[in-house]
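Remarks on the structure that follows.
Atoms within each ligand, like the ligands themselves, are counted from 1 in listed order.
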Amino acid sequence: MKFLVLNGPNLNFLGIREPAIYGRETYGDLCRKVETYAREQGVAVEIFQSNHEGALVDKIQEAFGKVDGIVFNPAAYTHTSVALLDALKAVAIPTVEVHLSDVSKREDFRQVSFVRAACFATVCGMGTAGYLKAVDLLLEKLRNEDQN
Ligand code: DQA
């Protein structure tokens, strides 16, 4: 089983950017945590981060036929990107939307998520542990689908 962990703009600045909101763990810490956890669950992960919307669209398209699930934190593009929504719909790979912060308790403009319509679950406000929860949700969904 292979999952793609996809991260949008400014997440490479984790640990530096607004630590009161996003915490002190660095992007490297996040990558190691997700890789280790996934390996323990028998899942291979590819982790990719970009500040560019088109690069994220390209990565989603490349995942078609190669990846069983996507863990996706689109960061600010969550609230703006029809292109990312369309890409997720095009490949139809099971996807979990993840946010480190609890976007539901933040500014009005963060209350809209374009990608959510193409995700079967959303995890918010759990910090980096939310990525591990997303791995669990994907595994649960894929195992259930296998049984049917
Ligand atoms: C974020 C929330 C977004 O609103 C914000 O633009 C981000 C990070 C989160 O992980 O909490 O960059 O996706």
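- Using a 4.5 Å cut-off on side-chain heavy atoms (C-beta onward), Asp29 and Thr128 make no contact.
- In this structure, Glu107 does not count as a contact residue of ligand 1, since none of its heavy atoms falls inside 4.0 Å of the ligand.
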**Request:** List the steps, then state whether side chain to side chain donor-acceptor pair (under 3.5 Å) holds for Tyr131 with Asn7.
**Result:** CA-CA 11 Å; Tyr131 286 73; Asn7 286 301; 2.6 Å; yes

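- With a 4.5 Å cut-off on side-chain heavy atoms, Tyr27 and Ile47 count as touching.
- Some N or O of Ala76 is nearer than 3.5 Å to an N or O of ligand 1, by distance alone.
- Aromatic ring orientation, Phe109 versus His79: perpendicular (interplanar angle above 60°, classes split at 30° and 60°).
- Counting the atoms of ligand 1 from 1 in the order shown, those under 4.0 Å from a heavy atom of Arg17 are 7 (C), 8 (C), 12 (O).
- Taking the ring centre of Phe120 as origin, the terminal cationic atom of Lys141 falls inside the region bounded by 6.0 Å and 45° from the ring axis.
- Of the heavy atoms in Ile21, none comes closer than 4.0 Å to ligand 1.
- Looking at Arg110 against ligand 1, only its side chain comes within 4.0 Å, counting heavy atoms.
- Note on ligand 1: Val103 sits in its first shell, one or more heavy atoms being nearer than 4.0 Å.
- Atom 9 (C) of ligand 1 has Leu100 N, 3.4 Å as its closest protein atom, hydrogens excluded (heavy atom only).
- The closest protein non-hydrogen atom to atom 11 (O) of ligand 1 is Ser101 OG, 2.6 Å.
- No donor-acceptor contact under 3.5 angstrom links the side chains of Glu53 and Asn51, judged on distance only.
- Looking at Asp86 and Lys89, no side-chain N of the basic residue comes within less than 4.0 Å of a carboxylate O on the acidic one, giving no salt bridge.
- With hydrogens left out, the protein atom closest to atom 7 (C) of ligand 1 is Tyr22 OH, 3.5 Å, a heavy atom.
- Between Thr78 and ligand 1, no pair of N/O atoms sits closer than 3.5 Å.
- A donor atom on one side chain and an acceptor atom on the other are not found under 3.5 Å apart for Thr78 and Glu97.
- Applying the 4.0 Å criterion to heavy atoms of His79 picks out, from ligand 1, the atoms 3 (C), 4 (O).
- His99 ND1, 3.7 Å is the protein heavy atom nearest to atom 1 (C) of ligand 1.
- For the pair Lys59 and Glu62, the salt-bridge criterion is met [side-chain N within less than 4.0 Å of a carboxylate O].
- Heavy atoms of Glu97 found under 4.0 angstrom from ligand 1: none, in either backbone or side chain.
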